[in-house]
Protein chains: 2
Amino acid sequence: MDLSLCSINTITVRSLGLRPLIDEALARGVGAVAPWRDFLATVGTDEAARLLRGSGLRVTSLCRGGMFTAADEGGRRAAIEDNLRAIDEAHAIGADCLVLVCGPLVGKDLAGSRAMVRDGILAILPHATAAGMPLGIEPLHPMMVADRSVITTRGEANDLVDLIDSPTVGVVVDAYHVWWDPYLEEQIRRAAGRILGLHVSDWVVPITDQLASRGMMGDGCIDLAGLVRSVRGAGYAGPVEIEILSDHWWSQPPAQVLDLALERFVSAI
Amino acid sequence: MDLSLCSINTITVRSLGLRPLIDEALARGVGAVAPWRDFLATVGTDEAARLLRGSGLRVTSLCRGGMFTAADEGGRRAAIEDNLRAIDEAHAIGADCLVLVCGPLVGKDLAGSRAMVRDGILAILPHATAAGMPLGIEPLHPMMVADRSVITTRGEANDLVDLIDSPTVGVVVDAYHVWWDPYLEEQIRRAAGRILGLHVSDWVVPITDQLASRGMMGDGCIDLAGLVRSVRGAGYAGPVEIEILSDHWWSQPPAQVLDLALERFVSAI
């Protein structure tokens with residue numbers, strides 16, 4: 001795929017600062033970036049907004065809101081407050097959407113935890129709608145249900161979008177999380193018109209760390225070209241984010257990681 | 001649950017030999033055991049069959065057949081031959097079913113790999129039917145799709161059972177693999193009359209090794225009592241297998257592991 005349709009997620013080269021990342025993206029003809037919030041915090045939201053808006057780069061997402069689940073009412077309220085701030089930050093930097101990593105299991109109650117996610121999204125929906133900030137529900141791999149997200153499959157994310165039924169709420173497709181799903185294609189078709197983002201990395205065995213074992217595109221077993229075709233077929237025409245959380249790639253010089261990632265972006269996707 | 005409805009899977013205390021395991025089970029009032037094939041191989045199938053049939057213990061399953069996926073025709077044929085032997089072994093020891101761990105992804109072709117699984121089961125079906133040996137499709141956790149099984153969810157296992165449409169083929173429910181699934185309850189109801197076995201362990205974070213990180217029942221976040229209720233509600237009345245693959249528990253004295261596992265079986269399930 002052409003690099004004008006590439007977005008570099010900051011986590012992929014997290015040792016770079018925001019200005020160096022913008023410079024790298026511009027120098028390489030990359031069309032977009034996507035920051036994590038802690039990455040913005042290093043320069044402050046106002047300065048980040050100034051740099052990003054001044055760069056002419058598209059900002060495909062802010063990662064992340066969500067984490068709505070908590071054992072008590074105070075925890076859930078704090079999460080909602082934090083999401084309202086995240087919406088403001090996403091708006092400030094002109095992001096296409098705020099990614100929602102929905103939050104882990106509380107106790108042993110999957111249904112109850114999933115209800116907390118639904119209630120949390122409903123609670124922040126008016127603010128997101130007023131800000132014109134789309135919320136992208138990103139289902140995470142089922143191996144992360146106890147750590148990060150009780151929302152696991154594309155089908156479940158679609159169900160949640162249908163239930164909430166607001167033009168502000170859509171879904172984000174991340175290859176690493178959903179590639180294994182036997183119902184993936186039909187659920188991507190079902191999400192047509194509601195896909196807010198597409199993230200790529202690869203599944204390289206062995207997975208030694210659930211969070212930070214993501215592979216470089218082309219090194220693993222995900223049919224990324226097929227996935228991108230499906231998502232394009234469902235109408236998503238925006239950039240594709242390279243989001244690689246990897247202890248291995250974080251230990252390499254960021255410019256070299258970008259070299260390889262962009263080469264693979266062009267050749268493998 | 002009463003120990004008469006407990007089955008000890010040999011992998012849980014794999015350092016025990018077959019005769020010591022049988023003695024432990026009988027001494028503790030456990031109603032059943034479930035061997036892995038390599039465990040049988042240590043004494044030979046004939047001797048294992050003599051010991052098991054003489055013990056009066058029920059044998060809930062033989063683990064495992066399957067592994068139908070392979071890059072070439074020769075590999076797939078070898079897998080089928082091995083499954084025919086596994087059916088004979090399961091028959092010899094009087095197992096309730098042969099568990100199928102269906103086989104990992106080949107290349108990047110999920111659909112093709114899943115078709116190999118279907119074709120493999122169809123190829124061994126006449127022999128299993130003639131032997132009166134039920135085949136239990138066990139979906140594995142999606143994190144194992146590149147290593148062990150392209151059949152991942154209860155829904156997918158049910159689809160496969162419907163497609164094959166033979167009274168010889170059913171499903172096995174393993175808590176560790178399927179607990180996270182938002183559609184679990186409806187898919188267990190859908191499997192009513194076709195559930196051949198129920199395996200328990202627990203999900204204890206962090207999962208440091210995908211294969212051998214299973215937790216002791218009650219130590220983790222799976223609602224085992226709820227799962228067992230669902231499976232009982234779908235008509236499965238047989239024993240529940242304790243199947244804990246764990247580097248931690250394997251490093252402990254097997255008699256102590258059994259003490260704790262049976263205590264938890266009674267209190268937590």
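All heavy atoms count here, side chains included; hydrogens, waters and symmetry mates do not. In the text below, chain A, chain B and the rest are named by the order of the sequence lines, each starting its count at 1.
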Contacting moiety of B/Trp180, where chain A heavy atoms sit under 4.5 Å: both
With only heavy atoms counted, which part of A/Ile207 is less than 4.5 Å from chain B, the side chain, the backbone, both or neither? both
Measuring heavy-atom distances to chain A, does B/Thr153 have an atom under 4.5 Å in its side chain, in its backbone, in both, or in neither? side chain
Do you know which of A/Pro182, A/Cys221, A/Gly220 has the most heavy-atom pairs under 4.5 Å to chain B? A/Pro182
Considering heavy atoms only, which positions within residues 257-269 of chain A lie below 4.5 Å of chain B? none
On a heavy-atom basis, the closest approach of B/Asp223 and A/Lys108 is CB-O, 3.8 Å
Under 4.5 Å, heavy atom to heavy atom: which of residues 137-148 of chain B reach chain A? Give them by number, or say none. B/His141, B/Pro142, B/Met143, B/Val145, B/Ala146, B/Asp147
Applying a strict 4.5 Å limit to non-hydrogen atoms, the region of B/Leu105 in contact with chain A is side chain
Under 4.5 Å from any heavy atom of chain A, what part of B/Asp159 do you find: side chain, backbone, both or neither? side chain
Could you grab the distance from atom CG of A/Asp209 to atom OG1 of B/Thr208, nearest 0.5 Å is fine? 10.5 Å
